[in-house]
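Report on one structure; see the data block that follows.
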There are 2 protein chains.
Amino acid sequence: MPKAQRMAQMLTVAEEIFAEQGYLATSMDEIAERVGVSKPMLYEYFGSKEGLLIGCIHRARTELREKTAAAIAGAAGPEEFLRLGLLAFFEFIDEHRRSWALLRQEAAVAVPSAQEEVEGIRQQQTDMIGAVLASFTPEIDPLEAEAFAEIVVGATERLAVWMERRPSVGPALATDYVMNVIWPGVARKLPEPAPHA
Amino acid sequence: MPKAQRMAQMLTVAEEIFAEQGYLATSMDEIAERVGVSKPMLYEYFGSKEGLLIGCIHRARTELREKTAAAIAGAAGPEEFLRLGLLAFFEFIDEHRRSWALLRQEAAVAVPSAQEEVEGIRQQQTDMIGAVLASFTPEIDPLEAEAFAEIVVGATERLAVWMERRPSVGPALATDYVMNVIWPGVARKLPEPAPHA
DNA sequence: GCAGTAGGTTACTCGAAGTAAGTTACGAGC
DNA sequence: GCTCGTAACTTACTTCGAGTAACCTACTGC
């Protein structure tokens with residue numbers, strides 16, 4: 001099997017087993033066996049167990065970025081922008097419970113580079129939110145804009161975990177909840193009182 | 001040395017080394033050596049490496065609960081309650097950067113029981129917030145109250161991480177930022193328009 | 001002064017990460 | 001239609017750290 005294809009397969013299997021049993025409880029031999037290949041192949045392609053984990057996170061991160069970018073492309077104002085971004089995020093989580101569990105639970109593992117990779121995902125999001133906020137309210141204190149972006153990301157992430165425990169809550173409702181809490185605080189900062197829906 | 005005292009010392013040392021190097025990169029031999037005792041003593045008192053980690057988290061959790069309870073004891077209304085609770089949390093983080101790093105980064109490790117212990121801390125907080133919200137706005141949708149509590153906890157946690165990267169931001173300012181974003185959204189749910197400061 | 005126990009140690013086992021060295025499959029060039 | 005090179009793969013190790021069995025020691029109450 002060609003390298004690229006084999007790597008993708010390894011990531012898929014690893015993601016599944018990591019999510020199932022946890023990073024620590026999973027052995028490379030087990031992953032290798034389920035892939036149908038021997039352990040040194042994993043090391044050939046990913047260097048280490050940690051490298052394999054990072055590969056999983058990285059793939060999810062890329063996918064999330066692409067979906068979010070597509071979703072917000074046509075947003076007209078800050079409210080719609082925020083709403084569409086949040087919705088894209090919650091939908092991604094909803095479709096990828098496995099990878100999401102991996103990101104939140106396993107990846108925060110002591111492994112420093114995996115930590116960085118996860119922080120990279122958050123950075124993607126805070127940057128995006130910070131940028132849109134700054135572009136719509138140019139006179140805002142940059143530090144406060146940054147804090148705001150962090151708050152939104154934290155709130156969203158936490159609500160995503162909560163959503164998993166609450167089957168009746170889907171992406172749309174989760175988005176509403178976050179917007180309900182957060183939007184009034186932002187609207188006050190906008191130049192004109194924002195004629196929101 | 002008596003058992004209780006030795007255990008406390010072990011927790012202190014373990015917390016420090018875990019926070020420094022990460023859970024995975026730390027060996028029990030190393031902790032034992034730095035405590036000045038042999039490895040089986042750690043197993044005698046904590047059962048496993050995971051047990052030691054859980055001990056660290058549990059101690060921090062207890063301390064946080066006590067400090068928060070003391071801080072909010074005299075709160076007059078929902079706004080003051082929230083503000084004092086947030087402030088107590090950020091002050092705790094500020095004083096315990098080490099344990100906080102441990103909680104956020106290491107404890108989320110694949111180890112399921114450590115995961116539960118950390119979730120317990122969040123549960124403490126969401127319960128508290130949910131309870132106060134329900135008591136002040138009895139007619140609120142319970143699901144929405146729950147979502148709100150999760151949002152506040154997520155936002156707060158994330159902002160605490162951010163605060164560590166931003167030395168100029170202290171507990172007071174962090175509290176302000178969170179309140180600025182969150183309070184307007186809550187105030188709308190209250191029976192009367194809340195004459196906030 | 002002896003018994004029981006709290007607090008401690010040395011010296012192992014065992015499992016899993018990581019590696020060295022070698023093997024097979026297979027397309028390109030003659 | 002053979003052979004050279006390389007991509008894909010394996011077997012058989014080493015090493016390191018979690019966890020344990022078995023043994024030691026000093027103090028306290030009687």
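Reminder, nothing fancy here: chain letters follow the sequence lines and each chain counts from 1. Everything numeric in this text was worked out from a predicted model, so none of it was measured.
Across the protein-nucleic acid pair, A:Lys49 atom NZ and D:dG17 atom P stand 15 Å apart, rounded to whole Å. A:Met7 places its CE atom 14 Å from the C1' atom of D:dA7, with the value rounded to the nearest Å.
B:Gln125 and B:Glu157 are not linked by any side-chain donor-acceptor pair at a separation below 3.5 angstrom, with hydrogens and angles left out of the test.
Applying the ring-ring contact (aromatic ring centres under 6.0 Å, His included) rule to B:Phe89 yields the partners B:Trp100; only residues at least two apart in sequence or on another chain are considered. Applying the side chain to side chain contact (heavy atoms under 4.5 Å, CB included) criterion to A:Phe81, with sequence neighbours excluded, gives A:Ile72, A:Ala75, A:Met128, A:Val132. In this structure, the side chain to side chain contact (heavy atoms under 4.5 Å, CB included) partners of B:Asp29, at least two apart in sequence or on a different chain, are B:Ser27, B:Lys39. For A:Ala145, the side chain to side chain contact (heavy atoms under 4.5 Å, CB included) partners are A:Leu133, A:Ile140, not counting sequence neighbours. A search for salt bridge (charged side-chain N to carboxylate O under 4.0 Å, His left out) contacts involving B:Asp94 returns B:Arg97, not counting sequence neighbours. Every residue two or more places apart in sequence or in another chain was checked for a ring-ring contact (aromatic ring centres under 6.0 Å, His included) with B:Phe148, and none qualifies. Applying the side chain to side chain contact (heavy atoms under 4.5 Å, CB included) rule to A:Ala174 yields the partners A:Phe90, A:Leu159, A:Met163, A:Val169; only residues at least two apart in sequence or on another chain are considered.
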Polar pairs (N or O, both sides) under 3.5 Å between protein and nucleotides 24-29 of chain D?
none

Walk along nucleotides 8-14 of chain D from 5' to 3' and tag each nucleotide B, S or - by protein heavy-atom contact under 4.0 Å, base first, then sugar-phosphate.
SBBB---

Would you give me the side-chain donor-acceptor pairs under 3.5 Å for residues 4-12 of chain A, sequence neighbours excluded?
from	atom 1	to	atom 2	distance (Å)
A:Arg6	NH1	A:Gln9	OE1	2.7
A:Gln9	NE2	A:Val35	O	3.3
A:Thr12	OG1	A:Ala8	O	3.0
A:Thr12	OG1	A:Arg59	NH2	3.3

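Residue pairs satisfying the salt bridge (Lys or Arg N to Asp or Glu O under 4.0 Å) criterion with at least one member in residues 172-181 of chain B, sequence neighbours excluded, are listed as follows: B:Arg83-B:Asp176.
With a heavy-atom cut-off of 4.0 Å to chain B, the contacted part of DNA chain C has its first and last nucleotide at C:dG7 to C:dT10.
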